[in-house]
Number of protein chains: 2
Amino acid sequence: MTGRRDPEGRRRAIIEAACALIPEVGVGGLTHRAVAARAGVPLGATTYYFATLDDLSRAALAHAARSAADGLRAWRQALRAGDDVAATVAALTEEYLADRDRALTETELYLAAVRRPELRPLARAWFDGLVDLLGAYADPGAAEAAAFLIDGALLRALSDQRPLDTAGLATALRAVLRAGA
Amino acid sequence: MTGRRDPEGRRRAIIEAACALIPEVGVGGLTHRAVAARAGVPLGATTYYFATLDDLSRAALAHAARSAADGLRAWRQALRAGDDVAATVAALTEEYLADRDRALTETELYLAAVRRPELRPLARAWFDGLVDLLGAYADPGAAEAAAFLIDGALLRALSDQRPLDTAGLATALRAVLRAGA
DNA sequence: AATGTACTAGTACGAAAGTACAAGTTTGCC
DNA sequence: GGCAAACTTGTACTTTCGTACTAGTACATT
């Protein structure tokens with residue numbers, strides 16, 4: 001009755017279901033039952049693969065964080081190709097925001113890390129990657145400031161559900177990136 | 001047996017208990033029982049003053065948002081007194097962050113507003129007040145960018161539990177505020 | 001003083017949760 | 001084929017929750 005087995009696939013399905021749920025209900029709103037229902041697996045499956053709910057949310061957040069950080073590879077390429085760093089970064093930020101769920105999950109991660117120290121490295125991955133990336137085009141302090149700017153703009157766009165002012169962001173990025181340490 | 005009555009005071013005590021709890025457990029982690037215990041009132045009192053848990057968290061977040069926005073009055077005065085706008089704002093940001101619970105609650109509010117549209121005006125109060133304030137020293141676009149920068153830096157400091165790089169923030173603020181629209 | 005309204009406080013109830021578990025099934029290995 | 005380990009699945013147990021409710025107490029108004 002069980003059809004074909006696929007433990008790896010099941011584990012992934014559970015993680016992906018959790019990732020899909022986090023933007024809807026928040027990290028704290030996750031439940032074994034909701035994840036199981038979304039993944040189309042019985043309740044027992046989620047507890048079999050993840051001993052506790054914390055394990056499950058951690059795995060989901062780790063998956064999301066890795067996927068977000070991986071997206072920075074595309075940024076690197078685009079920056080190499082484009083000539084206007086500030087405008088390119090602003091456009092990439094807008095593009096990043098287009099996947100609202102992913103951006104929201106990343107923000108959920110930021111806040112979850114406040115109360116769960118083990119999540120802190122995950123919560124730093126995207127930001128650190130961004131600073132590292134921008135470090136090729138500005139001094140470290142300016143790169144960090146540009147990352148602050150990007151995260152601040154993203155947070156506002158998410159919370160207000162308003163589109164990003166890409167041109168304005170590009171102007172600000174240009175100013176920050178030009179500044180010396 | 002009930003001692004002296006003080007409905008207003010009780011209501012406030014409940015709200016303040018909820019505000020104290022939000023940084024610890026998050027908005028989603030609030031429960032009638034935890035709030036009642038923290039406030040030192042029986043369970044029935046929280047449901048008497050707030051019909052639902054949403055009402056309670058909304059009242060608490062409104063209180064926190066108002067208190068944060070009120071804090072901007074001090075910013076206005078400090079800016080009038082100081083001569084270096086960027087350095088003053090950076091110092092004020094660090095000061096703001098010193099009350100970690102308040103800053104954290106504000107961020108919780110940002111995220112809560114994503115799923116609860118009725119909270120959106122509250123979530124905008126602090127940011128809008130900041131932009132309005134900075135508008136006296138830069139054009140609107142630059143003021144908004146500076147607010148992004150501040151919020152981004154705050155979010156990072158909260159999530160990473162790392163101190164603010166005040167000097168670096170001042171440098172970035174100076175660059176952004178100088179930039180034209 | 002009486003009287004109705006606002007408030008208090010303890011309890012109760014149904015729903016939903018995390019987690020544990022037992023019994024059965026598939027799979028890889030000899 | 002036989003066997004142990006991995007996996008599946010449904011259910012059950014306990015806790016905790018939101019909310020409702022009842023019986024009573026204080027207070028303002030008359």
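Quick note on labels: first sequence line is chain A, next is B, and so on, each numbered from 1.
In this structure, CG of A/L56 is placed 10 Å from P of C/dT19, rounded to the nearest angstrom. Rounded to whole angstrom, the span from the NE2 atom of A/H32 across to the P atom of C/dA16 amounts to 18 Å. Taking atom CD1 of residue A/I14 and atom P of nucleotide C/dG18, one finds them 14 Å apart after rounding to whole Å. Atom pair A/D54:CG and C/dA17:P shows a separation of 16 Å (rounding to whole Å applied). Atom CG of A/L43 and atom C1' of C/dC21 are 12 Å apart (whole Å). Rounded to an integer number of Å, the gap from CZ of A/F50 to P of C/dG18 is 14 Å.
At least one donor-acceptor pair under 3.5 Å links the side chain of B/T88 to the backbone N or O of B/D84.
Put simply, the residue from A/D160, A/L158, A/L154 that forms a side-chain contact (heavy atoms from CB on, under 4.5 Å) with A/R156 is A/D160.
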Every protein N/O within reach of nucleotides 1-7 of chain D N/O, cut-off under 3.5 Å:
residue	atom	partner	partner atom	Å
D/dA6	N3	A/R5	NH1	3.2
D/dC7	OP2	A/Y48	OH	3.2
D/dC7	O4'	A/R5	NH1	3.4
D/dC7	O2	A/R5	NH2	3.0

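The 12-atom threshold is exceeded at CZ of B/R115, counting heavy atoms of other residues, nucleotides or ligands nearer than 6.0 Å. In this structure, B/E118 places its CD atom where more than 12 heavy-atom neighbours from other residues, nucleotides or ligands lie under 6.0 Å away. Within a 6.0 Å radius of CZ in B/R12, no more than 12 heavy atoms belonging to other residues, nucleotides or ligands are found.
Near DNA chain D, defined here as any heavy-atom distance below 4.0 Å, the residues from residues 33-42 of chain A are A/R33, A/P42, listed numerically.
Taking hydrophobic clusters as Ile, Leu, Val, Met, Phe, Trp and Tyr residues chained together by side-chain heavy-atom distances below 4.5 Å, B/V131 shares a cluster with A/L149. Tracing side-chain contacts under 4.5 Å through hydrophobic residues (I, L, V, M, F, W, Y), one never reaches A/L43 starting from A/F50; they form parts of separate clusters.
Residue contacts shown for B/L30 are limited to sugar-phosphate atoms, with no base heavy atom under 4.0 Å away. In this structure, A/A45 reaches the bases: a heavy-atom distance under 4.0 Å links it to at least one base atom across the strands shown. Residue-level contact check: A/T47 touches the bases, meaning some heavy atom is under 4.0 Å from a base atom.
Ring centers of A/F148 and B/F148: at least 6.0 Å apart, outside the cut-off.
Between A/Y96 and A/W126, the ring planes lie parallel to each other; the angle is under 30°, not in the 30° to 60° tilted range.
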